[in-house]
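Written below as structure tokens is the structure these notes are about.
These figures come from a predicted structure and were not determined experimentally. Reminder, nothing fancy here: chain letters follow the sequence lines and each chain counts from 1.
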Amino acid sequence: MESILVLTHADDTGSALSKASLEAVTAGIDLAARLSALLTIGIIAADAATAASSLPSSGARLLAVSGEAFAQARYASDAAAAEALCRAASATIVLAPGSSRFTRIMAGVAHRLSGFIDTHITGLSGTENVEASRWFYRQRIEAVLSRSARPWFLLLDAGTHAAFADEAGTAQVETITVELPALRTTVSGFRAPTLGAQTIRPDAKLLFVAGAGWTKKQPDGQAHVAEAGDLILGFLHATSASLGSSKSLVDQGGEGNSVLPFLTHLNQIGQTGATPRHAKGLSTCCHGEEPHVVGWRFIGSRRAISLDPNCGWTRGKADVVYVADAFPVMAKLNALLEAAKT
Amino acid sequence: MANILHIVVCAGIVPDPLQTLEPVTTPAGPGLKNEMVLPAVLDPWAASALYEAAALAAKNPGSKLWLVSLGPKAKLQQVMMTVAQKVAFELVPIDGPIGGFPDAHSTAAVLAETIAALPGLDHEKLLLFGGWESATRGAGVTLQLVGERLGITDQFQGVDQITFSDDGSFEVLERVEGGKHQVSVCAGAPAVLGWATGNLAEPRNNPQVGMANMRTIMPALAKAKVAKLDANGLSYLSVSLPKQQRTTRVVKDMTPDQIAAELVEWIGAE
Ligand SMILES: Cc1cc2nc3c(=O)[nH]c(=O)nc-3n(C[C@H](O)[C@H](O)[C@H](O)COP(=O)(O)OP(=O)(O)OC[C@H]3O[C@@H](n4cnc5c(N)ncnc54)[C@H](O)[C@@H]3O)c2cc1C
């Protein structure tokens, strides 16, 4: 019989489980029911007891590693914590969120347990065996795979399961002690790459993509970069959309600096950028070339505004393409959105 | 004061992203149609790692830079014709399978064994570089596994910048959720750094660097060891291209006002 461990960690508060962790809990509960398997949930947090209060009725055995050393995401301490939880649970299958915190350590942890890992899992199926879906070649080829070797670690992509929601309550938690190795790394905090408002919003319904066309010479023979910046920021302000970019646009400033100061490589979508998950996406002044569009794999409804009637978006990559000048369209759109707010 | 660093960059080769990919079944498992003739490039994020490594080595005289790459020998040679012109390195080729479908644990075992045996490598000076994810498997696990096998427990992924201090410690910026960087300070080598884009543009081709590199690359390729990779119980039930080709409505005759009105409705709709 399989025994399933779901590994979770706290969010930035240190005392509540991250949303991606709660999604992994849902996946664990589903899988345990399907395989009639035992379920354990492991928690890594500065204050794990409080974090566990969101799990009183999960039906799982709860194990926790708690303490100041686990307030921050660091390889040596997190890997030691996850290893201790895995040993205590003796699980054959370990599910965990594919967060930056766990993607940093989980392959190493799998190795310590003489196990194997597959990451970026987008779906789990199968009743006899576990079958996991994931993409290869930057979201261009989809595969369903399985492993006979155990323990098998599976890191789940965010947004592939609903977050587990429970009445807050007291949960019975077993504390696991961890022998920490000498820590040679100190985490000092976070830094935003640009000044001003945060433009990357993973939880937004809408992705807004700006392409290199925004900074190119327009029909009047001039570039209108300042106006482009105002229109883009105006739209983000009106909609709280997440801002993405093509590679060509973020590369323009050279050495990592974009000509639009609020854009960085972190905004880049595509082959060598991000593959976010949003219900809708609006592309503007972007050609829709394959290395860009692979980053749109998990965007539901897609629209594009481009001057080029033969751009990539028109070839089955978007649902609607408006062949039009994005400057007047976005000016009007922003005006309508602002008017609707008041 | 300069820090003497021994930087090992792990980088695979991948199909040029502009190529059309089609999965096929081969006797060795899934693969790509015409895989051996598809034009290949150095894996992009690993290429960022290589350029960052070269810049770091140049700033710290006495440092060494190895490029360890596992792939079919003939393909490695092709890709090296271009890569060799970018920055100076010593190639350590391993003749093995291409593509994203072989198991990462096996790849990591071969890489770790090769790195551990590099003549002149000082583990205490080792910075293990690579891309944080490949453009083939995209799993982000190989480098980490190599690090574990080499006993390195200071590991960083999604790295965009490292800044060294005179005492050998360095500050590192790693990508985390929500478009931010986590800032850490590590006491120094040995460490694993899986790079994202970094801050450096692709270096221009320099034929002189190319010629100097090729003098050691060709003999290294000639004696590249051959690696066979275990599946480790991994099996593929299906491998396919996405089905959803959208039916695109191309709108050519609407005014900006009409388009804006339609978009407002679309944005507001659930
Ligand atoms: C190894 C590799 C990795 C890559 N990775 C990525 C990646 O991760 N992400 C990525 O985006 N690209 C990536 N690329 C680059 C990709 O191939 C394209 O070059 C890039 O996406 C083009 O960006 P763009 O569409 O913004 O610019 P362009 O190709 O310059 O297109 C600009 C578009 O804007 C339109 N336009 C101009 N003015 C207006 C206006 N006023 N109104 C409306 N439309 C207008 C033009 O008609 C044109 O269609 C990669 C390439 C390689 C080789």
Side-chain angles (χ1 to χ4, degrees), chain A residues 73 75-76 100 103-104 107-108 111 116-117 119-120 131 136-138 140-149 181 184-193 198-200 202 206 239 254-256 265-266 271-272 290-291 303 309 314 316 318-324 328-329 332-333 336-337, chain B residues 17-18 21 23 30 44-45 100 105 135-141 144-145 147-148 153-155 157-158 173 175-187 197 199 201 232-242 245-246 248-252 254 256-257 259-261 263-264 266-267:
Chain A
Y75 188 91
S100 61
T103 50
R104 186 187 293 107
H111 178 73
F116 297 91
I117 187 166
T119 62
H120 287 301
E131 296 170 6
F136 288 78
Y137 293 93
R138 304 295 298 156
R140 294 173 74 187
I141 294 178
E142 191 177 23
V144 180
L145 53 85
S146 194
R147 278 199 195 251
S148 52
R184 300 172 68 246
T185 293
T186 317
V187 181
S188 57
F190 300 101
R191 199 175 292 167
Q198 183 53 262
T199 57
I200 298 173
L206 178 65
T239 56
E255 301 280 310
H265 276 119
L266 276 72
Q271 167 90 22
T272 44
E290 183 71 2
R303 297 194 177 195
T314 61
D319 303 301
V320 182
V321 177
Y322 301 100
V323 180
V329 173
K332 185 69 195 173
L333 180 54
L336 288 177
L337 290 165
Chain B
L18 296 169
L21 305 182
W45 274 319
H105 293 263
T136 52
R137 194 184 296 116
V141 304
Q144 212 179 105
L145 291 166
E148 268 294 318
T153 54
D154 288 282
Q155 298 207 12
Q157 296 293 340
L173 299 189
R175 291 187 181 186
V176 295
E177 285 78 9
K180 283 181 295 187
H181 284 121
Q182 175 166 300
V183 188
S184 308
V185 174
C186 177
T197 310
N199 288 317
N232 289 321
L234 173 65
S235 57
Y236 290 90
L237 307 168
S238 71
V239 176
S240 55
L241 291 174
Q245 179 81 347
R246 292 164 192 250
T248 308
R249 173 165 72 95
V250 181
V251 178
K252 293 185 180 165
M254 279 168 78
D257 284 12
I259 297 171
L263 284 172
V264 169
W266 173 69
I267 291 165

*Determine the option with the most heavy-atom pairs under 4.5 angstrom with chain A, choosing from B/Gly140, B/Ala260, B/Ala261, B/Gly138.*
B/Ala260

[X] versus [Y]: any side-chain heavy-atom pair under 4.5 Å?
X: B/Gln157; Y: A/Tyr75; answer: no
X: B/Val239; Y: A/Phe136; answer: no
X: B/Thr136; Y: A/Tyr137; answer: yes
X: A/Pro309; Y: B/Lys252; answer: yes
X: A/Arg147; Y: B/Asn232; answer: yes
X: B/Val251; Y: A/Val321; answer: no

_Part of A/Ile141 lying under 4.5 Å from any heavy atom of chain B_ = both

*Checking heavy atoms, do the side chain of A/Pro202, its backbone, both or neither come under 4.5 Å from chain B?*
side chain

*A/Thr119 vs B/Arg137, side-chain contact (heavy atoms from CB on, under 4.5 Å): CA-CA, chis, key distance, verdict*: CA-CA 10 Å; A/Thr119 62; B/Arg137 194 184 296 116; over 6 Å; no

*List the steps and the verdict of side-chain contact (heavy atoms from CB on, under 4.5 Å) for A/Gln198 and B/Lys180.*
CA-CA 9 Å; A/Gln198 183 53 262; B/Lys180 283 181 295 187; 3.7 Å; yes

*Region of B/His181 in contact with chain A, defined by heavy-atom distances below 4.5 Å*: both

*Taking it one step at a time, do A/Phe116 and B/Leu234 satisfy side-chain contact (heavy atoms from CB on, under 4.5 Å)?*
CA-CA 9 Å; A/Phe116 297 91; B/Leu234 173 65; over 6 Å; no

*I would like to know whether A/Lys332 and B/Ile259 meet side-chain contact (heavy atoms from CB on, under 4.5 Å); could you show each step before the answer?*
CA-CA 9 Å; A/Lys332 185 69 195 173; B/Ile259 297 171; over 6 Å; no

